[in-house]
Structure formats: C-alpha cells, structure tokens
2 protein chains.
Amino acid sequence: MSTLAQGKADLERASTAQKVADMLRERVLDGELEPGLRLSEEAIGGALGVSRNTLREAFRLLTRDRILVHEHSRGVFVRRPTSDDVRDLYAARRAIECGALRLWNDVTEARREAVRAPVRQAVARAEKNDFSKTGTANIQFHRGIVGLAGSARLSDESDRLFAELMLAFRVAREMDAFHQTYLPWNRRIVELLNNGTVEQAVLQLDEYFDAAERDLASRLSAD
Amino acid sequence: MSTLAQGKADLERASTAQKVADMLRERVLDGELEPGLRLSEEAIGGALGVSRNTLREAFRLLTRDRILVHEHSRGVFVRRPTSDDVRDLYAARRAIECGALRLWNDVTEARREAVRAPVRQAVARAEKNDFSKTGTANIQFHRGIVGLAGSARLSDESDRLFAELMLAFRVAREMDAFHQTYLPWNRRIVELLNNGTVEQAVLQLDEYFDAAERDLASRLSAD
DNA sequence: ATCGTAGAATCGTTCAACAATCCTACAAGT
DNA sequence: ACTTGTAGGATTGTTGAACGATTCTACGAT
C-alpha cells in the first residue's frame, strides 16, 4: 500500500515548472546562485531549455517558498534576508516550536524519537570529530520538534522558514560554525525532555532562540 | 511616511494575475464558487477577459493559499476540506496560537489590545442581539492572538489557515452558528489573561481547539 | 555634480498552435 | 449485468512569437 502511494506521488510529480523549480531551489540553497542575484527570464529559460511562460510558473512556486522575491517589471531575485527578516523568522519559530514542544507528553513515541535521534547522531559524530553533517542534523532536530504538532501544513511552512534561514546563514557566511555552536543546547533540551520537565525544556528552547537570533542578526547588520 | 508607504504598496499592486486572484478568492470565500467546483481555464479566462497564461498565474497564487487545488492535466478545483484537513488545521492552530499566547506578558499593550477588542465588540453586539459580524469577530480574536508572536510571516500563514477553515465551515454549512457558540469561550480566555493567569488561558484555548475540532470534524465526516 | 532624455534591455500580457492527458460513450467480451 | 477495450472530443501542458509598458544605462545639457 505505501509503495503504491509512493508510486502515485512520483507520477504526479510531472510538471516541467515543478522540476525547474526544484532544480533552481537546489542551486540557490547550495549557494551556486547567490542571494541578491537577479534571475533573467531569457538567460535561465534558454539555459534550461524551457519557455518563458513555464519558467515564470517555476518562479511563482519559488516565490511562494520565499526563496525568490518578485519585483514588478524588474524581475525575480534570489532572496537576501535582512536583519529584520531574521527577527521575523525567529519570532515565528519561537511561537511554533515552543507551542509544539509543549505537546511532548501527548504524542506518540515515534514522534518523540524524531526529536531525540538527530541529537544523538550529531553527538556521536562530534565525538569522532566529524562535523560534516552538523548543519542538517540541527535542522532535523527542529523539524522533529515541529513534527510534534502533527500538522503537515505546519511542517511544510516550517520547512520554508528553515530554507529562508539557510539563505540568511549564507549571507552571514557562518553556516557550519553556527550550527555547531548550538549542539550542546539541543542536547540539554533533549535531556530535560527525557527527565519529564517539559516546561523547563520549552524555556531552554526559548533561550536558544534568543541567543541564535541575536548572533545571526548582528552578523547581518554588520554587513 | 505611512501614507507614502501605503502609496507605494498601491502602486506595486498592479499585476493582472494578482487582481484576478483577488477577485476569485473573494468569490470562493463568499460561496459563489462552491467547494469541489472545477474552474475551467477557457470559461473563467473568457469571462474575465484575461489570457490563459495570466489566468494560470492567478491559479498558482490561489493554490499557494490552499483555496484551490491543482491536479495535473485535470485542472484546478475549489478546495473541499475533508475531516483530515480539519484535523491538520486545528493541530497547526493549536501549536501556533498556544505558542503565541504564551508571550502575553512580553508584548506591547497595543498587541494585547488587539486580542481584547474583538471580544469586547462581539459581546456588545450580542447584547443588542446583533449577530451579523460574529464570524469575522471570532477570526479577529484569533488573528490578534497570532499577532502576539510579532511575525508577519506567521500572521500571513495563519490567514491562509483561517481562509481554509472558512471553506470547511461552508462545506459543513454551519458558518454563523458555529462562531456564535464560541464567544463565551473567547470571553473567558480574555478574562484569564487580564487576571494575569496566562498559563490558565493557554489551557483554556487548548480546550477550545479540542471542542471546535471535534464539532467541525463530525459535521464533515457525516457528509 | 545634478538633472533630463533617448535608446536598449527586460518584463507583462496576449495570442495561436500542437502534443499530452483526461473524460465520455459506446462496442465487445465474459 | 459487469468489466474491458477503444475511438473521439475536450481540456490541460508547453512552446514560440509578438508588442506595449516599464526599467535601466549612458550620454549630453545646464
């Protein structure tokens, strides 16, 4: 049954615009297309071999994800988050994740494990001096927290917030070092959760956001 | 300054696709276009005097807002929320609004007033047996709660959730009566907040979501 | 140095066309 | 009666070209 559902999902993923959007999203998040860069319809469309109309549909999709910004009669640009954007992003995450973490005792064990596992793995890698996937591990931890709420819509929106935050990290040029700093924090939160002191964990998460926001915002405003 | 910013916003609001999307959104939320209805590109485009490509851009915008659903090679349809959708929507609202309400003591007085005012007005109208705007008042109350978080992104996403919920109400055919039922609840929450017992208010809000979700979901599944 | 303007480049929108896909209805077989 | 197969029509997906509208660039005037 699940394989059939998967197959159906694959089939539905046709749409040229969707594929173009996926490719562009990857390029942006990988850093090949730098924040602030303008994406010419003619240039990109020609390079990818799709028509202008189709490309514009792809642009719309990425604008929804806040990866691109659209300026009327000027074109689309790779988003370049400001310190105000960072403030807004962390305000959203604070409400969402603290609200979700509060539900810790009401959810299935599988959902709780989705929070613990990324931290456990990150700790294991750190002990072997392997800091390669430290960025994605941190994000997995927070995705797990959002997942506690049990809403696909909320998880999707959070993914968009994370993607936008990745752009901010790129502008601040502090991607890896940044995530690395906050592994101890994640670890402490998981310990508090395992001890059953959920309210304490929420407060700790709140403090994490304070610190992270200040750190990132200062690097951006200095620019 | 604010008038200049307003003027700029008006100028930027050009875009035919945007205007078409706004018109269609209104028609759907007013109930002229019923949930489940298929929107033919040719028919709608002809009636509104816009080309197919422009109309398709408008469709994309409304798909982002979850007002329409797009099925590959089949067209776009007015969304028809299921009981699973309702479950997901309330799960998202629970996390967001409970997370935001938690911040009651940390925000400006203006933000707190945006929560109190809608309830006060609704109470005043109810005493005069005026139940005309009871629906929008309830939504304004919850918009105020989300606003406590201070994130434009979160408020925008919440508006999308509210719009989707309006569609669910329409399917359940219980729009006004539904909102009316929950005015006492809102009132109690505001009282708890004014008493300084924020944690109590959060719990009360949580219960409200439980009751509202059960109520609406049962009406949908019966259909 | 500031301002204004002509020209180039690019976007916004429309139109027409064709391939790909879906829906409908009807015929054939069990 | 129920499923299966198959044509035909209708609708969507995508392309390409075209033209007015807007923005950008560079050059010259004050």
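- Remark: B:Arg64 pairs with no residue by the side chain to side chain donor-acceptor pair (under 3.5 Å) rule, at least two apart or across chains.
- Scanning residues 33-48 of chain A for heavy-atom distances under 4.0 Å to DNA chain C yields A:Arg38, A:Ser40, A:Glu41, A:Glu42.
- The residues A:Asp215 and A:Arg219 are annotated as salt-bridged, a charged nitrogen and a carboxylate oxygen being separated by less than 4.0 angstrom.
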Discussion item. Assess the residue pair A:Glu57 and A:Arg60 against the criterion (salt bridge (charged side-chain N to carboxylate O under 4.0 Å, His left out)); give the C-alpha distance rounded to whole Å, side-chain angles, the decisive distance to 0.1 Å, and a yes or no.
Written reply: CA-CA 5 Å; A:Glu57 285 206 358; A:Arg60 294 280 183 189; over 6 Å; no
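- For C:dT13, the OP1/OP2 oxygens have no side-chain nitrogen or oxygen of A:His72 closer than 4.0 Å.
- A:Ser132 and A:Asp130 form a side-chain donor-acceptor contact under 3.5 Å, judged by distance and modelled atom types alone.
- Counted within 6.0 Å of CZ on A:Arg112, heavy atoms from surrounding residues, nucleotides or ligands total more than 12; the atom is thus considered enclosed.
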Practice prompt. Could you please spell out the steps behind the side-chain contact (heavy atoms from CB on, under 4.5 Å) verdict for A:Phe162 and A:Arg93?
Written response: CA-CA 9 Å; A:Phe162 290 143; A:Arg93 292 187 60 192; 3.5 Å; yes
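- DNA chain C is contacted by B:Val50, B:Ser51, B:Arg52, B:Asn53, B:Thr54 of residues 50-62 of chain B, taking any non-hydrogen atom closer than 4.0 Å.
- Environment of CZ in B:Arg66: crowded, with over 12 heavy atoms of neighbouring residues, nucleotides or ligands closer than 6.0 Å.
- Ring geometry, A:Trp185 versus A:Tyr208: the interplanar angle exceeds 60°, so the pair is classed perpendicular (tilted spans 30 to 60°).
- With rounding to whole Å, A:His70 atom NE2 is found 10 Å from C:dC11 atom P.
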